[in-house]
There are 2 protein chains.
Amino acid sequence: MGSEPGYRPVETVETALEIVALLKRRDRAGVTAIADELGIAKSTASRHARTLEDQGVLVREGEAYRLGTWFLDYGTYVRNRQPVFEAAKPKVDELAAATDEKVWCVIEEHGVGVHIYGAEGRHSVRTHARVGRRTPLHQFAAGKAILAHLPDERIGTILEERGLEAATDETITDRSELREHLETIRERGYAINREESVRGVRAVGAPIRSDSGDAVTAISVAGPANRLRGEVLTEELPALLLGATNEIEVNLAHS
Amino acid sequence: MGSEPGYRPVETVETALEIVALLKRRDRAGVTAIADELGIAKSTASRHARTLEDQGVLVREGEAYRLGTWFLDYGTYVRNRQPVFEAAKPKVDELAAATDEKVWCVIEEHGVGVHIYGAEGRHSVRTHARVGRRTPLHQFAAGKAILAHLPDERIGTILEERGLEAATDETITDRSELREHLETIRERGYAINREESVRGVRAVGAPIRSDSGDAVTAISVAGPANRLRGEVLTEELPALLLGATNEIEVNLAHS
DNA sequence: GTGGCTCGTTCGAATAGCGGGAACACATTT
DNA sequence: AAATGTGTTCCCGCTATTCGAACGAGCCAC
């Protein structure tokens, strides 16, 4: 079930990206460390690192290289170019202020959920989530909300390629159970995450749909299980969320 | 005054980065457009683009490629790894709330200033600044604050390599004038930007120094010229800023 | 002071693989 | 049905990448 290229990838670019990925794992590394860990010659590692430095991608500190703010520049560019971001940001901020919980805006890319913006409420829980973070769609509220509103064939492809890895013992890992669950989400219009991604954390997520009815974006409110229960979880928050996503959809259609 | 490699850069990586840079300029482009604009063969452009897509860097939408949230992931990683970010963020937020103006945290990299975090006040001016944005150090308050507190030889190198490009007609473009100006900043401990980067916008910036006395970070408060004048500009804001940077420096030393 | 260790850089040579162009498949248009 | 547009595939030639070894610069210990 691995990946089958089929075409001829540019291997030199792949090694460059391996260096970048390595520097994300190790934070900083010298030429020797890079060469050792990737199994390439020191001279090759040196040439790559210096090239990436000259291009502004890497920064050298003495004898070590680390990732530079080049990524920050491109990262914010990418976020600002998301058409939904500008429309969703103020509403996400509003929701965070109104609920005092953590609110996230999530988009789908390459079959996984990407957190593109988060707003803090006064009592926000601290999860592992972070702007840019990737999470399997089936593991959290916003992801399930997106998944439920994708074209049916797309859902199949994603489940096929990504599988149903568990994050906690509440994560839905059975395919037919997930299918039923998604059907419920479609009927209700929102998704609930009951400690399926992080133990002790629940969330409500609602999709932002385009004219075609598909969703590539969702918004979620996350908080501790003891606050998000009863009618708050099943009535109040869904109502708030659906109001917000509805407004965002309208704003998006008129821009 | 051009760049003299001196070593042998990896040209394949350079073309890959050219594609990425192109997609930042044009937002989205197909294989043919990429090949035409960069003067490479379509097959080469296709292979590069698909490689970058497989690595998660690019996303394809139909027949067009665009930059993916890969950059967002790496970008926030880079920011969170800045030791100063965690310490400065709460203070920047505080300052924005206290002054109701836009507050920026800026670091130096490759001889230019990089905005790594910004907090909005209720009356924030909207400038071209943006997280990740690069600005020549001599053009703005935070940049000048950093520049003034770098090792003397470093200052010379930066001015040599980067020059003194003007942003407005108030920008300091004379080298000896700038040197004197930096001396004043060192004496005062803070820098003032009087419409030197954006017409109608003034700012105050103060450095965050490490134990060695050098600064690689600064914080600034920016606002419209009609609000930032008189004692507000020369007394109140500098005092607030210096208080904040002082606290940040202490927190940094004890971590 | 001097040998040894580690770091990164440089050099030359060999071959892997990058780049280019033409032919291809496919869709949309005229 | 022909024409133009898209991206992809194939193969060949030659460049540019890769490697390994030799080199030079720091640094520490003895």
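We name chains A, B, ... by the order of the sequence lines, and we start the count at 1 in each one.
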* Look at B/H48 and C/dC18 and indicate whether a side-chain polar atom (N or O) is within less than 4.0 Å of OP1 or OP2. => no
* Asked: A/L58 CG to C/dG8 P: how many Å, rounded?
  -> 14 Å
* To do: Give the rounded distance in Å between these two atoms: CD1 of B/I34 and C1' of D/dT8.
  => 14 Å
* To do: Kindly indicate whether the side chain of A/I155, heavy atoms from C-beta on, has any atom under 4.5 Å from the side chain of A/R179.
  => yes
* From the list D/dT9, C/dG8, D/dT18, which nucleotide is the closest neighbour of the side chain of B/S43? -> D/dT9
* To do: Take atom CD of B/E53 and atom C1' of D/dT8, then tell me their distance rounded to the nearest Å.
  => 14 Å
* To do: Rounded to the nearest angstrom, tell me the gap between atom CD in B/E14 and atom P in C/dG19.
  => 11 Å
* Which of parallel (below 30°), tilted (30 to 60°) and perpendicular (above 60°) describes B/F85 and B/Y117? -> perpendicular
* Would you indicate, yes or no, if D/dT8 has its OP1 or OP2 atom less than 4.0 angstrom from a side-chain nitrogen or oxygen of B/R60? => yes
* Should B/R50 be listed as having a side-chain N or O under 4.0 Å from OP1 or OP2 of D/dT9? -> yes
* Any donor-acceptor N or O pair under 3.5 Å, side chains A/T69, B/R134 -> yes
* Nearest 0.5 Å please: distance from the OG1 atom of A/T15 over to the NE2 atom of A/H48. => 3.5 Å
* Structure fact -> From CD of A/E11 across to P of C/dT15 the rounded distance in Å is 17 Å
* Output yes when at least one side-chain N/O atom of B/T12 is less than 4.0 Å from OP1 or OP2 of D/dA16, else no. => no
* To do: Among C/dG21, C/dT10, D/dT8, find the nucleotide with the atom closest to the side chain of B/Y7.
  => C/dT10
* Asked: To the side chain of A/E63, which of C/dC18, D/dT18, C/dG8 is closest?
  -> C/dG8
* Return the 5'-most residue of the pair B/I40, A/T32 with respect to DNA chain C, ranking by each residue's nearest nucleotide. => A/T32
* Structure fact -> Separation of C/dC11 atom P from A/K42 atom NZ, nearest Å, is 16 Å
* For D/dC10, does OP1 or OP2 lie under 4.0 Å from any side-chain N or O of B/R47? -> no
* Asked: Where does the angle between the aromatic ring planes of A/W104 and A/H115 fall among parallel (under 30°), tilted (30 to 60°) and perpendicular (over 60°)?
  -> perpendicular
* To do: Verify the contact: side-chain N or O of B/T44 to OP1 or OP2 of C/dG20, cut-off strictly under 4.0 Å; return yes or no.
  => yes
